[in-house]
K.L.:
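Quick one: the structure is below, and I'll ask about it shortly.
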Amino acid sequence: MKINNVTLEAVGVKLEQFPTTGLPEVAFVGRSNVGKSSLINALMGRKSLARVSGSPGKTRTINFYNIEDTLYFVDLPGYGYAKAPKHEKEKWGKMIEGYLQKREQLRAIILLIDIRHPPSPLDMQMYEWLAYYGFKMVFVLTKMDKLKRSQVDKHVKIVRTGLGVGTDSVLIPFSSETKQGREELLDTIERLVQ
């Protein structure tokens, strides 16, 4: 998949604010600060179309990036830690759940997990919820550049074991810094939306 034309087409918190084009959607899900916005920028070949921050909880809306007028990358707020009041986090949770359950255009979920750590209880909870609803999932293991090359396979195995998924599940180590894993992920997304 080649990406040249990208626009941030919609930003919303309610279904009526979302695009109505009917294009397929791929949603990016992960805990706060796992690198969703950085990964989306890397995939789109942009530096800062998706807003990136060092502090967790920067994405507070559902953001739809139109990719070549053929599909949307959908950036969801992170789950887990965020500098926000409890009622605000509960609102995000309902918003994310509403999107995931009601969006007919949704074709696949990219679940991001930090490769340096075993899946957290929140990662497991999200994975089990998505699996329960039968979503097609690809696991992207972010921050690969923070490991030595010799450690990557070991950490992929730790995440695979932690999730309890077999070799039929796609796990892609990824670095937003070096773009390693970018082509594999784009090819996987292209297959999922066809």
Side-chain angles (χ1 to χ4, degrees), residues 1-32 34-53 57-79 91-113 123 126-127 129-142 168-176 179-194:
M1 175 192 298
K2 295 282 176 253
I3 297 179
N4 297 309
N5 300 304
V6 177
T7 54
L8 173 57
E9 190 167 299
V11 174
V13 294
K14 299 189 292 251
L15 287 171
E16 54 269 20
Q17 297 171 311
F18 302 160
T20 56
T21 60
L23 292 175
E25 297 171 4
V26 175
F28 293 79
V29 178
R31 69 173 174 72
S32 294
V34 74
K36 283 184 307 304
S37 298
S38 297
L39 177 133
I40 290 170
N41 282 328
L43 289 177
M44 297 187 303
R46 301 296 189 276
K47 287 235 184 318
S48 57
L49 188 56
R51 287 174 52 205
V52 176
S53 169
K58 190 68 176 173
T59 305
R60 295 179 179 211
T61 54
I62 298 178
N63 302 328
F64 292 81
Y65 297 93
N66 184 321
I67 309 297
E68 299 289 336
D69 284 325
T70 58
L71 78 141
Y72 291 104
F73 287 171
V74 183
D75 189 7
L76 297 173
Y79 52 80
K91 202 164 72 180
W92 295 343
K94 286 189 176 88
M95 174 177 60
I96 293 167
E97 196 171 323
Y99 168 80
L100 292 172
Q101 286 185 323
K102 295 183 178 125
R103 200 67 179 159
E104 290 175 18
Q105 299 87 331
L106 184 57
R107 296 291 177 270
I109 307 279
I110 309 299
L111 181 54
L112 283 70
I113 295 173
D123 291 328
M126 179 57 80
Y127 164 63
W129 188 87
L130 293 167
Y132 175 81
Y133 284 102
F135 287 107
K136 286 185 197 166
M137 274 182 276
V138 173
F139 302 94
V140 173
L141 311 184
T142 60
D168 55 327
S169 293
V170 179
L171 275 77
I172 301 174
F174 192 94
S175 167
S176 297
K179 312 295 185 274
Q180 196 166 345
R182 179 179 186 269
E183 295 310 315
E184 184 183 355
L185 181 52
L186 285 173
D187 290 346
T188 302
I189 289 170
E190 192 169 27
R191 280 197 308 276
L192 289 169
V193 296
Q194 283 177 348

K.L.:
Atom CZ of F73 and atom CG of L39: how far apart are they, to the nearest 0.5 Å?
P.N.:
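Separation between the atoms: 8.5 Å.
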K.L.:
Mind checking side chain to side chain donor-acceptor pair (under 3.5 Å) for E25 and listing every partner two or more places apart, or none if nothing turns up?
P.N.:
Y99, R103
K.L.:
If you apply the rule side chain to side chain contact (heavy atoms under 4.5 Å, CB included), what do you find for F135 with V29, and how did you get there?
P.N.:
CA-CA 12 Å; F135 287 107; V29 178; over 6 Å; no
K.L.:
Any chance you could measure T61, atom OG1, to M95, atom CE, to the nearest 0.5 Å?
P.N.:
6.5 Å
K.L.:
From the options T21, T20, L15, select the one residue that forms a side chain to side chain contact (heavy atoms under 4.5 Å, CB included) with F18.
P.N.:
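Single side chain to side chain contact (heavy atoms under 4.5 Å, CB included) partner of F18 among T21, T20, L15: L15.
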K.L.:
Taking it one step at a time, do T7 and N5 satisfy side chain to side chain contact (heavy atoms under 4.5 Å, CB included)?
P.N.:
CA-CA 7 Å; T7 54; N5 300 304; over 6 Å; no
K.L.:
Check M44 against V6 and note the closest heavy-atom contact, atom names and distance.
P.N.:
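Heavy atoms of M44 and V6 come nearest at SD-CG1, 3.2 Å.
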K.L.:
Indicate every side-chain donor-acceptor pair of residues 187-194 with a distance under 3.5 Å to a residue at least two apart or in another chain.
P.N.:
unit_1: T188; atom_1: OG1; unit_2: E184; atom_2: O; d: 2.7
unit_1: E190; atom_1: OE1; unit_2: M1; atom_2: N; d: 3.2

K.L.:
Show the nearest heavy-atom pair for residues A42 and K179, with the distance to one decimal.
P.N.:
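Scanning both residues, the minimum pair turns out to be CB-CD, 3.8 Å.
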K.L.:
When rounded to the nearest 0.5 angstrom, what distance separates CG in N63 from OH in Y72?
P.N.:
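Spacing of CG (N63) from OH (Y72) equals 13.0 Å.
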K.L.:
List the steps and the verdict of side chain to side chain contact (heavy atoms under 4.5 Å, CB included) for I96 and Y79.
P.N.:
CA-CA 9 Å; I96 293 167; Y79 52 80; 5.5 Å; no
K.L.:
Mind listing the closest non-hydrogen atom pair of P24 and T70 along with its distance?
P.N.:
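Scanning both residues completely, I find the closest heavy atoms to be CD-O, 3.4 Å.
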K.L.:
Of all the heavy-atom pairs spanning W129 and L100, show the shortest one and how long it is.
P.N.:
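For W129 and L100, the tightest heavy-atom pair comes out as CZ3-CD1, 3.4 Å.
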K.L.:
Please check if the number of heavy atoms outside E104 that lie under 6.0 Å from its CD is greater than 12.
P.N.:
no
K.L.:
Of all the heavy-atom pairs spanning R46 and N4, show the shortest one and how long it is.
P.N.:
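For R46 versus N4, the nearest heavy atoms are NH2-O, 2.7 Å.
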K.L.:
Distance check, rounded to the nearest 0.5 Å: K102 atom NZ versus E97 atom CD?
P.N.:
8.5 Å
K.L.:
Does K14 have any side chain to side chain contact (heavy atoms under 4.5 Å, CB included) partners at least two apart in sequence or in another chain, and if so, which?
P.N.:
E16, Q17
K.L.:
Measure the spacing between OG of S176 and CG of L43 and express it to the nearest 0.5 Å.
P.N.:
8.0 Å
K.L.:
Start with the C-alpha distance between F139 and D123, add both sets of side-chain angles, then the distance that settles side chain to side chain contact (heavy atoms under 4.5 Å, CB included), and finish with yes or no.
P.N.:
CA-CA 11 Å; F139 302 94; D123 291 328; over 6 Å; no
K.L.:
Does T142 reach the main-chain N or O of V34 with its side chain, forming a donor-acceptor pair under 3.5 Å?
P.N.:
yes
K.L.:
Nearest 0.5 Å, what's the CG-CD1 distance between L130 and I109?
P.N.:
5.0 Å
K.L.:
Any idea which heavy atoms bring L111 and M137 closest together, and the distance?
P.N.:
CD2-SD, 4.4 Å
K.L.:
Under 4.5 Å between any side-chain heavy atoms of N66 and F64, yes or no?
P.N.:
no
